[in-house]
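For reference, the structure discussed in these notes is given below.
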Amino acid sequence: MHRRTFLKLGSGAVAGACLLGPGVRARAGSTPPKPTGEERVIPTFCDVCFWRCNALATTRGGRLWKIEGNPQDPLSRGRLCPRGTGGVGAHYDPDRLRRPLLRKGERGAETWHEVSWDEALGFVAERMQAIRAAHGPEAMALFSHGIGGTFLKHLFRAWGSPNIAAPSFAQCRGPRDVGFHLTFGEEVGSPERTDIEHARCLVLLGCHLGENMHNTQVQEFAEAVGRGTTLIVADPRFSVAASKAKYYLPIRPGTDLALLLAWMHVLIEEGAWDRAYVDAHGYGFDAFAASLAPYTPEWAWTETGIAPDVIRETAGEMGHHRPATLVHPGRHVTWYGDDAQRSRAVALLNAMLGSWGRKGGFYQPASMDVPAWPYPPYPPHRGKADNPDQRYPFALETLTTGLREATLTGKPYPLKGWFVYATNPLYALPNVDETIAAVRALDLLVVIDVVPSEIAGWADVVLPEAVYLERYDELNVELFRQPFVALRQPVVDPPDDQKSNAWIARELGLKLGLGAWFPWRDVEEYLRWRVEAAGLSWETLTSRGLILGPRTPLTYEEGVAPEFDTPSGKIEFWSNQLQEKGFDPVPRYTPPDPVPPGFFRLLYGRAPVHSFSRTQTNPLLHDIMPENAVWVHSEVAHRLGLRSGDRVRLRNQDGVESGPVAVKATCRIRPDCVYLVHGFGHTARGLRRALGRGINDALLLSRYRTDPLMGGTGLGMNFVTILPVEA
Ligand SMILES: Nc1nc2c(c(=O)[nH]1)N[C@H]1C(S)=C(S)[C@@H](COP(=O)(O)OP(=O)(O)OC[C@H]3O[C@@H](n4cnc5c(=O)[nH]c(N)nc54)[C@H](O)[C@@H]3O)O[C@H]1N2
Ligand SMILES: Nc1nc2c(c(=O)[nH]1)N[C@H]1C(S)=C(S)[C@@H](COP(=O)(O)OP(=O)(O)OC[C@H]3O[C@@H](n4cnc5c(=O)[nH]c(N)nc54)[C@H](O)[C@@H]3O)O[C@H]1N2
Ligand code: SF4
Ligand SMILES: [Mo]
């Protein structure tokens, strides 16, 4: 297959649609027969990942039949990724939770009895009141990921707790947001404000677009490749993106900062930076430039393994194509514990190339103005528990791992109850032992999920949610190149006694005496009010799924006024804020820990058809990729007497051992690394299809290094040995 065709297919709807029509590839029993009867098309937006593509769902005779991209949608442009198309399987998954459950055995034993919603929520309310009486309302914490958490977050704030966190900060994009915020006074956001569409040179550090399937980016990436954009990819693994690159740099893991510093050194040396832009918008450039002197390509060579001439040539390409050179900020950047400073270096390199605010670089997104419901003010609280004394002074959001630590230590005050909504801390947070110890220390664990996940296995109360195709959620007021408001609305009914998060939050709120914060009868009334308060038509939104707003200027060239919300009001090449808190004002490189003899560095990432740990049980997506394999360099495999398909176990530096996993012997990875796709190796008994298929990288990430600027958890410092499995 031609490589461009491959990428196009990978990006989308075409492959997804033909592989994934329900019944086409499904095994007997895993999906229902083809529905027949009258067809209806109902617009909604996807929830298989957080990109929120707008979709059209088709029902036949009232039963879900297929999901496609909404052609009006600027995010998907009418094409979903395979996971979005496969969302049908989330509705039909036979392993779904059906009714509320109360624990009957030990915590973690996964034994429950079914109860009514009234009994379950009554039990939760009673326990919450007891926790409040003993420790105050702040002793309740909410872990929540995605737009579905909106009404539960509201419930928690009305209750009086600020302890609300998502893994998307401390385990994902947090360091990037902080690095960019320190430099430009703004973040890159989600969807990222990257103008891949117009970039003439695109640099990817890790950031494995094409396996990372965030739809718009992948489509723009495929087009960029097609029109010959100069692509530079640094990755210890020969990713799909690397296979399209003009320059592939098989970098030694953990040394990207050295490469970034050397690139900036070369731009200075050759006078190739954007002088006019830096003079107009930069602060502290001369001191910054002087601090780069030691970072020659020859110096970086010994750290990164990338030859000096390659460093010079790639820097030359970047300088040549500026300002349409986009050094992509990545998204999952919690790698080595110095991630905010590495992300700042990415921001600084972009600043030297003049790409912030410019076509082919970072555009200025806009959103529509949709009023919030006029709730009464939330009660005051005694401050968050996750980051006592501002230990991590530049944390922009609440730290999941900070809440976990407060639960374990009781400091700065005790946390006694957790709600876990649409996140699986046993996959998302490093060091599973710490998470389980924290859970054991709780008086109450409530898990709201759609399937009996690993974390649900530890819960006192499990509440079954309707999947996204069966509910309303908060409006998506998108901050994007093309602003729009989008609606998620029910396409089909929940099959059993599952309820939506909005219903759960309101019912529990009423039981807790928080009726003043739930004045709407149902979520439809709430949404309709917001839409009409914005001067938009509810009927148009329900029938089209989205309403586009006016397109505003996107770049400085188009008339956006450059503004930087930093202390200097400029792009901070030199950061006094950092210096005042005792950090390096310009990023400084420290080498990663070396790989111990006999070990390999454990890398992990995405596969196109799965999202985190949430899709392995989906019958349609499971059929395409039922398990992961451990990537091992072919020569290493040969030396160990292993061939593709052989089963091995991995044991990490702390003696944590995985279950058996198949080997994928390949030249597409450095010999000192191994690689796993994240999200497999399920252990929850109720996930019958996914149970025991592949292994869970998170179990092997017992070590992490916390970013001193912002509390993110670097996960790249774990090493494994490969053990044969007896036949
Ligand atoms: N299909 C699919 N797509 C997704 C998701 C999903 O679950 N499934 N999740 C979405 C989310 S929330 C996120 S955050 C993103 C994550 O996707 P990215 O932001 O792209 O994640 P990364 O960790 O940057 O990418 C992993 C790559 O980094 C490489 N890598 C590891 N260590 C190093 C290193 O030291 N240096 C360099 N240069 N490379 C290294 C790995 O080999 C791997 O190829 O994906 C998004 N897209
Ligand atoms: N080891 C390791 N750790 C990682 C990563 C990694 O690659 N490797 N990636 C990191 C990144 S980038 C991110 S963004 C985070 C992601 O971390 P999470 O957001 O925690 O992702 P999941 O592990 O998929 O957990 C989602 C849970 O929500 C449930 N769920 C799915 N849909 C619904 C719904 O509609 N309603 C409810 N109530 N529940 C639902 C699923 O069944 C599952 O139990 O993990 C981070 N942690
Ligand atoms: S990128 Fe794929 S999974 Fe994510 S929202 Fe879009 S279609 Fe859904
Ligand atoms: Mo993420």
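Counting starts at 1 for both ligands and their atoms, following the listed order. Worth knowing before you read on, the calculation uses all heavy atoms, side chains too, and leaves out hydrogens, waters and symmetry mates. All figures in this text were calculated on a predicted structure; none of them were measured in a lab.
Here's the thing with Cys207: one of its N/O atoms is less than 3.5 angstrom from an N/O atom of ligand 1. Considering backbone and side-chain N/O of Pro253, none are found under 3.5 Å from N/O of ligand 1. Of the N or O atoms in Asp256, one or more lie within a sub-3.5 Å distance of an N or O in ligand 1. In terms of polar-atom proximity, defined here as any N/O pair under 3.5 Å, Leu209 makes no such contact with ligand 1. Any N or O atom pair closer than 3.5 Å counts here, and Tyr675 shares no such pair with ligand 1.
Counting heavy atoms closer than 4.0 Å to ligand 1, residue Cys673 contributes nothing at all.
At least one heavy atom of Pro236 sits less than 4.0 Å from an atom of ligand 1. Heavy-atom distances between Arg601 and ligand 1 stay at or above 4.0 Å for every pair. Taking a 4.0 Å cut-off on heavy atoms, Tyr336 registers as neighbouring ligand 1.
Cation-pi geometry between Arg668 and Trp631 is not met: the NZ or CZ atom fails to fall both under 6.0 Å from the ring centre and inside 45° of the normal. A cation-pi contact, defined as under 6.0 Å to the ring centre and within 45° of the axis, links Arg237 to Tyr675.
Side-chain contact of Asn431 with Ser702: a donor-acceptor pair under 3.5 Å is absent, judged by distance alone. At a cut-off of 3.5 Å, with distance as the only test, a side-chain donor of Glu465 or Tyr421 sits close to an acceptor on the other residue. Between the side chains of His682 and Glu454, a donor-acceptor pair is found at a separation under 3.5 Å.
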Practice prompt. Would you check, one step at a time, whether the test salt bridge (charged side-chain N to carboxylate O under 4.0 Å, His left out) holds for Arg601 with Asp672?
Written response: CA-CA 6 Å; Arg601 191 180 295 273; Asp672 54 356; over 6 Å; no
Fill in: Trace of the side chain to side chain contact (heavy atoms under 4.5 Å, CB included) decision for Val462 with Trp112
CA-CA 9 Å; Val462 181; Trp112 297 283; 3.6 Å; yes
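Protein residues are said to neighbour a ligand when one of their heavy atoms lies under 4.0 Å from it; for ligand 2 these are Asp47, His145, Pro167, Gln171, Cys172, His332, Tyr421, Ala422, Thr423, Asn424, Tyr427, Ala428, Ile448, Asp449, Val450, Val451, Ser453, Glu465, Arg471, Tyr604, Arg606, Phe612, Ser613, Arg614, His678, Asp697, Ala698, Leu701.
When each of Leu349, Ile232, Val233 is paired with Val203, the side-chain contact (heavy atoms from CB on, under 4.5 Å) condition holds for Ile232 and for no other. Considering Arg488, Arg52, Arg83 in turn, Arg488 is the only one that fulfils the salt bridge (charged side-chain N to carboxylate O under 4.0 Å, His left out) rule with Asp47. Screening Thr150, Thr44, Asn501 for a side chain to side chain donor-acceptor pair (under 3.5 Å) with Asp473, the sole residue that qualifies is Asn501.
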